[in-house]
There are 2 protein chains.
Amino acid sequence: MDLRKLKYFKVVADEKHIGRAAKILHISQPPLTRQIHQLEEELEVKLFNRTPKGMDLTDAGILFREEVNNIFGLIEQATERTQKAGQGRLGRLDIAIFGSGIMGDIPKILLAFKERYPEVNVVLHTMGKGEQINALRQKRISLGFNRLLAPLPDIDSELVAIEELVLAINTNHPMASLPAIPFTKISDIPLILFPASNRPNFIDKTIRLCQLAGFTPNISQEVGDAVTSIALVASGFGACLIPKSASVLTIPGVVYKSLIEAPDETEVDLSCIFRKEDTSPLLRAFLDIVIEYRTANEKLTDDPESNFF
Amino acid sequence: MDLRKLKYFKVVADEKHIGRAAKILHISQPPLTRQIHQLEEELEVKLFNRTPKGMDLTDAGILFREEVNNIFGLIEQATERTQKAGQGRLGRLDIAIFGSGIMGDIPKILLAFKERYPEVNVVLHTMGKGEQINALRQKRISLGFNRLLAPLPDIDSELVAIEELVLAINTNHPMASLPAIPFTKISDIPLILFPASNRPNFIDKTIRLCQLAGFTPNISQEVGDAVTSIALVASGFGACLIPKSASVLTIPGVVYKSLIEAPDETEVDLSCIFRKEDTSPLLRAFLDIVIEYRTANEKLTDDPESNFF
DNA sequence: CTTCTTAATACCTTAAAGGTATTAAGAAGC
DNA sequence: GCTTCTTAATACCTTTAAGGTATTAAGAAG
């Protein structure tokens, strides 16, 4: 079987005339006659009745014409879909996020991506940092969002955003009435820190910031995630430092306060990680969106609302 | 696009190795390499990542593989279905029957055909003789069942069965108590005749039979169809001659009586008609069944039950 | 019966698929 | 770090089959 023969058959079936069909196909009549004969021979079916006025489709020929149209339709679809997939506009992208990543920049990026590539199926997985790296290496995911990443030989990363840190503090605390809190005042407050695993982590970061500011933090508790941490603030265990985007979580008993007179690094990065050798157009398309997002956001750092979802 | 390339792609995608794939395809490695390159060029998509260990499908390649499998499936299906159609085992056959043709031989033939060719869609149309011939010429039907056919230049016919005629008579008539009625006694009874159109018809036949028996029939009424005719017999308008197969119609007030001492031709044919030049395998397959049916039935003419449905 | 049309046949030309030999490039082993 | 193995890619020739020209065969129209 040969698509050339099918194409020829289609034209002959339409024209009911070998000569005219040959003209349309820009070939001469005898080869076309031969191709049609070969097709009939191969199928072992007479597709046309030859009349002195031209060619007339048999019942089998009528059926075959429909089938041939289906075949060409499917081939066209295959071509288009494959091309789309090659451009990263069709397929599946597995992305890992961390627990509190459902707030802030990540949903905005996901929305932007889905808008531009509506035929890409984005599947989200919630994973910690270590899990993400394992999953990347096993190709279970193509990309992970995370913070405070240490460089790895096979994993590349791309910065998404840098977020200011704010202090979550109990509403009954004397400083809760201040418009903003000087960083050094943190030394007086018991701190709740998270997460307790996957170094370098947010705990290390907090401790280092305090040292830069000239004091040792008063650690009250170490917990696993941001939400638990804020819940403990509400219960009066102490205060905690969180990225500003997490402050959309409003809980009775907790207020978020900006920090003033803070060390330069009183901020935390949000990055995405991916296999260095991964050249899939889907991933690259996603990274393009990430870079676009960051570039657009850097121009808006003055506007405090821009970091909020 | 070219099915050869698709076939090659499939094997390379399975083997993930040009050399092994070439071996399976019984060609050497370089032409296969070239074909794959041409395919990628044509699609403008990279289908494989080349590694020192072989070929690895890209995401687009994975998608394309599925599509290619669909294409080959469809081609296979097209081939099979077209071959079936060519052998008359698939398609649609439009057949005309006359009003009382739903009894007797016709349903048996239709059942036999449907059993042997279950994928043929048989569409029945109820038509009179003239209509059938028009419909045949306009190719709206491929075959018609009818009786008493005059030869036509473009229409062939095939005999299905010859049926004995029986007399339908009112239960109150004095002769209704006889086991069988001598043909000449019909001269005393008013006759209901049908149909009133499309000569040569059953009316002509009845009149001729009476003349052969040496009398002129006493015509009471001419009606359009057998069922009306029998209904009139029940109402006491007179008697009528009908083919034996129609005597399955039992109506209160009507009994069917065999005729004795009747002319040789006291019988009527059931035939099917079709376009002389129609060579469609579907029609020919149907005619084969008809001839088989008739042959089988001719051997059983002694058994009166064999003519009943 | 001739003339027109149609598809089919015979024979040659050309384009493209296939083959052989070789090269380039990366991985594995010493 | 070099050689050796593997792989796919390239260069060039051969063969197959598709396409072209000329002609024929067969049926319809006049």
Pairs counted only when both distances fall under 3.5 Å, Watson-Crick or G-U: show me the 5' to 3' dot-bracket for DNA chain C, [ ] for pseudoknotted crossings and | for other-strand partners. ||||||||||||||||||||||||||||||

Does C:dA16 have its OP1 or OP2 closer than 4.0 Å to a side-chain nitrogen or oxygen of B:Gln35? no

Salt-bridged, A:Arg294 to A:Glu158, with N to O below 4.0 Å? yes

For A:Lys16, does the NZ atom sit with more than 12 other heavy atoms under 6.0 Å from it, leaving out its own atoms? yes

Rounded to whole angstrom units, what separation is found between the NZ atom of A:Lys5 and the C1' atom of D:dG19? 13 Å

salt_bridge(B:Asp14, B:Arg65) N-O dist < 4.0 Å: yes

Write down the distance between CZ (B:Arg50) and C1' (C:dA24), rounded to a whole number of angstrom. 15 Å

To the nearest Å, give me how far apart CZ (B:Arg34) and C1' (C:dT22) are. 16 Å

Distance test, side-chain N/O of B:Gln38 to OP1/OP2 of C:dA17, below 4.0 Å: yes

Check the distance between C:dA17's P and B:Asp2's CG and give it to me in whole angstrom. 7 Å

Let me know the distance between CZ of B:Arg20 and P of D:dT6, rounded to the nearest Å. 13 Å

Other residues, nucleotides and ligands only: do more than 12 of their heavy atoms fall within 6.0 Å of NZ on A:Lys23? no

CD/B:Glu277: more than 12 non-hydrogen atoms of other groups inside 6.0 Å: yes

Using atom CD of B:Glu42 as one end and atom P of C:dA16 as the other, report the distance to the nearest whole Å. 13 Å

Salt-bridge test for B:Glu265 and B:Arg208: reply yes if a basic N is under 4.0 Å from a carboxylate O, no otherwise. yes

Take atom CD1 of A:Ile36 and atom C1' of C:dT9, then tell me their distance rounded to the nearest Å. 17 Å

Respond yes when some side-chain nitrogen or oxygen of B:Arg4 is under 4.0 Å from OP1 or OP2 of C:dG18, and no when none is. yes

salt_bridge(B:Glu292, B:Arg116) N-O dist < 4.0 Å: yes

Can you tell me how far P of D:dG19 sits from CD1 of A:Ile18, to the nearest Å? 13 Å

Is A:Gln29 touching bases, backbone alone, or none of the nucleic acid, heavy atoms closer than 4.0 Å? base

By the 4.0 Å heavy-atom rule, please label B:Tyr8 as base, sugar-phosphate, or nothing. sugar-phosphate

B:Phe48 ring center within less than 6.0 Å of B:Phe64 ring center: no

Near A:Lys53 NZ, under 6.0 Å, is it more than 12 heavy atoms from other residues, nucleotides or ligands? no

Near DNA chain D, counting only heavy atoms under 4.0 Å, which residues of residues 52-60 of chain B show up? B:Pro52, B:Gly54, B:Met55

So if I take every side-chain heavy atom of A:Ile27 and compare against C:dT6, D:dG19, C:dG19, which nucleotide ends up nearest? D:dG19

